[in-house]
2 protein chains.
Amino acid sequence: MSSETLKIPQATAKRLPLYYRFLKNLHSAGKLRVSSAELSEAVKVDSATIRRDFSYFGALGKKGYGYNVDYLLSFFRKTLDQDELTKVALVGVGNLGTALLNYNFLKNNNTKISVAFDIDEAKIGSTMSGVTIYHMDDMEKVLEELGISIAILTVPAPYAQSITDRLAKANVKGILNFTPARLTVPATMRVHHIDLAVELQSLVYFLKHYGVNEVEEIEE
Amino acid sequence: MSSETLKIPQATAKRLPLYYRFLKNLHSAGKLRVSSAELSEAVKVDSATIRRDFSYFGALGKKGYGYNVDYLLSFFRKTLDQDELTKVALVGVGNLGTALLNYNFLKNNNTKISVAFDIDEAKIGSTMSGVTIYHMDDMEKVLEELGISIAILTVPAPYAQSITDRLAKANVKGILNFTPARLTVPATMRVHHIDLAVELQSLVYFLKHYGVNEVEEIEE
DNA sequence: AAAACATTGTTATCCATTTCACATAAAACT
DNA sequence: AGTTTTATGTGAAATGGATAACAATGTTTT
Ligand SMILES: NC(=O)c1ccc[n+]([C@@H]2O[C@H](COP(=O)([O-])OP(=O)(O)OC[C@H]3O[C@@H](n4cnc5c(N)ncnc54)[C@H](O)[C@@H]3O)[C@@H](O)[C@H]2O)c1
Ligand SMILES: NC(=O)c1ccc[n+]([C@@H]2O[C@H](COP(=O)([O-])OP(=O)(O)OC[C@H]3O[C@@H](n4cnc5c(N)ncnc54)[C@H](O)[C@@H]3O)[C@@H](O)[C@H]2O)c1
């Protein structure tokens, strides 16, 4: 029995955190109202798309006026469960894992890396940015104790699948996967891939082959 | 005049580096042929989608047989310009920037961070993983000298836009943006956003609201 | 060499998402 | 109070992408 809310399109769901972030900016800047056109300029999403996205949640705005920033902000805070802290585990405290640990997700989201795991004895038992690093052997136990259901995976690719299998058994439901491995998971889990190498390579490809808006030649 | 190849769908273009990576794995493993079904299992993309993707480049396979790994690999190497090295600049050598510097993109791609920029005097002039860190004041000059047209942006968000404007003037055409800022760029540029916080938050949202395939209750 | 088999390439269909365009209604102005 | 302006919410159309399904065709087996 999941929080039975409505099933909005996935594309919309992915934009919600973005809207939330910019609404916070507007709020800090003291803005009281905002139009879909203004928001569009800020988040670089078509204004019609923004209105459509919002409309899945009912009529949040007023015709001829726009949206009340405070109202919208508190609405999204509830919708995005920003009131309760979501605890996340980090598996693999290497280059990337360390960067993520040092970054304070809390500043913007109510999401926090609460615990980390590694196999490097030099790191185990120590604390980074207030987060204790445990041995992988203790992973299942610690995850259960803390009731954690989301993990960030930043281990070398060859270990990704077997660790994923362990996470699945430990009742973890979501993985943010930074490794190049394509994980096999039970249907009850969800994986978001962040594939930096693919992202970089596809950017190169687009630039080479899509002649990014080459200024239209003016024939003479 | 961009390499006048064909205009394949963007979704396909984003999968090409993925295919390439797994083909290299297959090659290393000594496999000579592969079917779309096998590849599908490995990269977690529907086999019909894979065949469709490949078909944009002509008939690369053989009916009843599948695809020749070597042939496919060399085809994609050419298509993805893996023969020539693409030089990339890194702007902002902090937590995240350092992790990217230490990571050797070359292992898998012919893409390399060749130069880095920062404002921290402690870092400027030093070398990390063989990459020299220059002062931001020298950015335009160095970028031009090296003929770099792609940059990775890992600076604090408030500086992202003004640095982007400088990059645009310096003839950079692509930005891999890790900052939460939504950049305004000329139509001649392309930005890929990697928004870790959004990625994490939307994962949380999906798990909470989409009840990831809750095991169908068996009514008794 | 024939029969059985495997797998592509593609057509047709489906689905999700974006965008247009405008009726509607509230707000701002005169 | 009436008029004009503004900006929402949404039907309808357009776009973009994924998938089912299968004829075509080469491969493998006997
Ligand atoms: N660093 C980057 O910029 C970057 C970029 C793209 C992809 N990635 C991917 O992210 C992952 C991590 O990269 P990195 O640069 O941080 O690597 P890294 O080698 O610096 O860190 C890996 C960490 O995982 C730990 N580890 C190794 N085996 C383990 C195991 N079985 N269980 C638990 N922990 C284990 C190591 O002790 C180390 O601390 C890799 O899969 C890499 O391909 C990294
Ligand atoms: N570290 C993470 O895990 C993480 C996660 C999500 C998003 N981000 C985003 O990535 C960016 C970098 O994060 P970080 O953790 O590496 O921050 P950081 O503070 O560790 O690093 C920022 C670096 O940029 C340099 N810098 C500051 N102003 C500059 C300027 N004007 N020109 C050039 N360089 C400048 C600083 O000297 C520093 O080296 C931020 O925008 C952050 O929001 C980081």
Side-chain angles (χ1 to χ4, degrees), chain A residues 6-16 18-19 22-23 26 31-73 75-76 182 190 193 198 202 205-206 209-210, chain B residues 6-19 23 26 31-73 75-76 182 190 193 198 202 205-206 209-210:
Chain A
L6 61 185
K7 277 278 178 52
I8 58 170
Q10 304 218 358
T12 298
K14 286 217 163 191
R15 282 188 292 265
L16 297 184
L18 197 59
Y19 295 146
F22 278 86
L23 285 170
L26 291 177
K31 283 213 75 172
L32 298 179
R33 61 187 263 193
V34 65
S35 68
S36 60
E38 249 179 307
L39 207 46
S40 169
E41 171 55 28
V43 299
K44 313 288 181 207
V45 170
D46 186 90
S47 71
T49 300
I50 293 178
R51 291 199 301 279
R52 166 87 56 205
D53 283 347
F54 288 4
S55 79
Y56 291 116
F57 300 98
L60 303 178
K62 269 193 263 184
K63 301 195 180 190
Y65 175 89
Y67 302 89
N68 179 295
V69 171
D70 282 11
Y71 177 73
L72 215 49
L73 192 58
F75 179 84
F76 277 118
R182 247 44 190 180
R190 183 171 185 114
H193 293 276
V198 162
S202 69
Y205 183 88
F206 277 117
H209 297 265
Y210 283 64
Chain B
L6 60 185
K7 277 278 179 52
I8 59 171
Q10 303 218 358
T12 297
K14 285 217 164 193
R15 283 188 291 266
L16 297 184
L18 198 59
Y19 296 145
L23 285 171
L26 291 176
K31 283 213 77 172
L32 299 178
R33 61 186 261 191
V34 66
S35 68
S36 60
E38 248 180 308
L39 207 47
S40 169
E41 171 54 28
V43 299
K44 313 287 182 208
V45 170
D46 186 90
S47 71
T49 300
I50 293 178
R51 292 199 298 281
R52 158 92 52 219
D53 283 348
F54 287 4
S55 79
Y56 291 116
F57 300 98
L60 303 178
K62 272 193 259 185
K63 300 193 178 192
Y65 175 90
Y67 301 89
N68 179 296
V69 171
D70 282 11
Y71 177 73
L72 214 48
L73 192 59
F75 180 84
F76 277 117
R182 249 42 193 181
R190 184 171 183 113
H193 292 277
V198 162
S202 68
Y205 184 88
F206 277 117
H209 297 264
Y210 283 66

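Given the structure is predicted, the values throughout are model-derived calculations rather than measurements. Each chain gets a letter, A, B and so on, in the order its sequence line appears, and its residues count up from 1.
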Considering all heavy atoms, the nearest Val43(B)-Tyr19(B) contact: CG2-CE2, 4.1 Å
Proximity to the side chain of Ala59(B) - top-ranked nucleotide from dG9(C), dG17(D), dT17(C): dG9(C)
Protein-nucleotide distance (Asn68(B), atom CG; dA6(C), atom P), rounded to Å: 20 Å
Any Ser36(A) side-chain N or O less than 4.0 Å from OP1/OP2 of dT8(D): yes
Residue-phosphate contact under 4.0 Å: Thr49(A) side-chain N/O, dT19(C) OP1/OP2: yes
Separation of atom CG in Asp46(A) from atom C1' in dC20(C), rounded to whole Å: 9 Å
Heavy-atom donor-acceptor pair, Arg52(A) side-chain to dT17(C) base, under 3.5 Å: no
Nearest-0.5 Å distance, OH of residue Tyr205(B) to NZ of residue Lys14(A): 13.5 Å
Side-chain N,O (Lys63(B)) to OP1/OP2 (dA6(C)) below 4.0 Å: no
Distance, rounded to the nearest Å, where Glu38(B) contributes CD and dA6(C) contributes P: 14 Å
Positive for side-chain hydrogen bond (donor to acceptor under 3.5 Å, both in side chains) with Ser36(A), one of Arg51(A), Arg52(A), Glu41(A): Arg51(A)
Rounded interatomic separation in angstrom, taking NZ from Lys7(B) and P from dT15(D): 16 Å
Value in whole Å for how far the C1' atom of dT6(D) lies from OH of Tyr67(A): 13 Å
No-H, no-angle donor-acceptor pair, Arg15(B) side chain to dG17(D) base, under 3.5 Å: no
Side-chain N or O of Arg33(B) closer than 4.0 Å to phosphate OP1/OP2 of dT28(D): yes
OP1 or OP2 of dG9(C) under 4.0 Å from side-chain N/O of Tyr65(B): no
Donor-acceptor pair under 3.5 Å, Arg51(A) side chain vs dT18(C) base: no
Spacing of Asp53(A) atom CG relative to dG9(D) atom C1', expressed in whole Å: 13 Å
Touch class at under 4.0 angstrom, heavy-atom based, for Phe54(B) against every strand present: nothing
